[in-house]
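Only this structure's heavy atoms are used, side chains among them; waters, hydrogens and symmetry mates stay out.
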Amino acid sequence: MTCQVGTSAFVDSSEREIKIVGVSWKSVFTVDEKEREKNVAETYEGLQFLENEIKEKKFFGGEELGLVDITAVYVAYWIPLVQEITGLELLTTEKFPNLYRWTQEFVNHPIVKESLPPRDPVFAFFKGRYEGLLASK
């Protein structure tokens with residue numbers, strides 16, 4: 001996998017990451033159980049693609065943080081947050097060990113760490129939205 005803009009690997013990764021965002025978001029904020037299951041299955045498919053791409057590398061481009069890593073911020077920051085709020089197990093060390101390891105490297109990188117929003121207010125906001133959804137069922 002390369003981080004060069006315009007390569008087919010980058011485009012394919014970015015398209016899959018965008019799809020992961022959409023279907024994982026729908027997995028959480030969908031009341032219909034069959035639709036939720038479909039979205040969870042599609043999320044697993046996208047995460048498996050990323051798992052296969054990261055392999056044993058520290059970052060998607062190798063040893064240095066790159067563009068593909070940055071575009072995958074949703075996977076590293078938001079999916080764990082969503083999992084904690086909903087109880088869904090989308091990205092676990094058992095299912096996706098390399099990708100999970102990458103999320104830890106990524107969110108703890110000094111540049112990324114100072115750029116991410118504070119976790120607590122984001123968590124509280126989305127937990128409230130999720131609880132509101134459940135109450136409306």
Side-chain angles (χ1 to χ4, degrees):
M1 162 128 334
T2 178
C3 291
Q4 296 174 359
V5 176
T7 65
S8 61
F10 174 77
V11 171
D12 194 34
S13 269
S14 295
E15 287 173 358
R16 287 184 187 258
E17 289 163 10
I18 290 167
K19 185 175 182 179
I20 292 169
V21 170
V23 296
S24 64
W25 194 257
K26 288 181 196 174
S27 298
V28 174
F29 293 104
T30 300
V31 233
D32 180 84
E33 285 301 316
K34 285 190 184 231
E35 184 69 21
R36 176 176 281 181
E37 288 173 17
K38 177 182 161 260
N39 291 324
V40 167
E42 286 183 42
T43 300
Y44 287 155
E45 183 182 308
L47 293 174
Q48 186 61 57
F49 172 82
L50 295 176
E51 172 76 11
N52 295 341
E53 290 298 316
I54 192 72
K55 298 177 185 161
E56 299 294 323
K57 297 179 284 190
K58 184 174 182 177
F59 295 108
F60 283 97
E63 287 299 308
E64 297 297 321
L65 186 65
L67 190 55
V68 174
D69 301 289
I70 293 166
T71 62
V73 68
Y74 180 85
V75 174
Y77 181 77
W78 296 99
I79 286 181
L81 197 77
V82 162
Q83 286 183 151
E84 189 176 338
I85 291 168
T86 64
L88 287 174
E89 289 190 3
L90 300 172
L91 175 60
T92 65
T93 189
E94 295 80 26
K95 289 180 187 166
F96 305 105
N98 296 323
L99 191 58
Y100 184 84
R101 176 194 38 75
W102 168 82
T103 65
Q104 302 308 300
E105 288 281 342
F106 180 76
V107 298
N108 288 304
H109 188 283
I111 293 171
V112 174
K113 208 173 196 174
E114 75 180 42
S115 301
L116 291 173
R119 186 185 184 284
D120 292 343
V122 172
F123 181 87
F125 175 78
F126 284 106
K127 184 169 175 75
R129 286 198 61 198
Y130 183 70
E131 288 171 350
L133 175 71
L134 293 179
S136 71
K137 278 186 174 182

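- Take V107 and apply the side-chain contact (heavy atoms from CB on, under 4.5 Å) test, not counting sequence neighbours, and it matches A76, L116.
- Atom CD of residue E51 and atom CG of residue L91 lie 8.5 Å apart, to the nearest 0.5 angstrom.
- Using a 4.5 Å heavy-atom cutoff, the side chains of L50 and F60 are in contact.
- The structure places CH2 of W78 at 9.0 Å from CD1 of I85, a figure rounded to the nearest 0.5 Å.
- Every side-chain contact (heavy atoms from CB on, under 4.5 Å) that E56 has, sequence neighbours left out, goes to N98.
- Qualifying side-chain contact (heavy atoms from CB on, under 4.5 Å) partners for T93, counting only residues two or more places apart in sequence or in other chains: Y100.
- F125 and L81 fall within the same hydrophobic cluster, where Ile, Leu, Val, Met, Phe, Trp and Tyr residues are linked whenever their side-chain heavy atoms come under 4.5 Å apart, directly or through other members.
- Every residue meeting the salt bridge (charged side-chain N to carboxylate O under 4.0 Å, His left out) condition with R119, not counting sequence neighbours, appears here in chain and number order: E84.
- Interatomic distance, Q48 CD to E45 CD, rounded to the nearest 0.5 Å: 10.0 Å.
- Summarising the geometry of P121 relative to P118, their closest heavy-atom pair is CD-O, 3.4 Å, with the distance given to 0.1 Å.
- For the pair V112 and L65, the tightest heavy-atom approach, listed with the atom from each and the gap, is CG2-CD2, 3.8 Å.
- Note: Y44 and F96 have tilted aromatic rings, judged against thresholds of 30 and 60 degrees for the angle between ring planes.
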Test side-chain contact (heavy atoms from CB on, under 4.5 Å) on F59 and V68; report intermediate values, then the result. CA-CA 9 Å; F59 295 108; V68 174; over 6 Å; no

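- To the nearest 0.5 Å, atom NZ of residue K95 and atom CG of residue L90 are 7.0 Å apart.
- Around CD1 of I111, the count of heavy atoms belonging to other residues, nucleotides or ligands within 6.0 Å does not exceed 12.
- Among all heavy-atom pairs drawn from I79 and V75, the shortest one is CB-O, 3.6 Å.
- Counting only residues at least two apart or on different chains, the side chain to side chain donor-acceptor pair (under 3.5 Å) pairs with a member in residues 101-114 are D69-W102.
- K55 is linked by a salt bridge (charged side-chain N to carboxylate O under 4.0 Å, His left out) to nothing, counting only residues two or more places apart in sequence or in another chain.
- Put simply, the side chain of F126 does not reach to within 4.5 Å of the side chain of V82, judged on heavy atoms.
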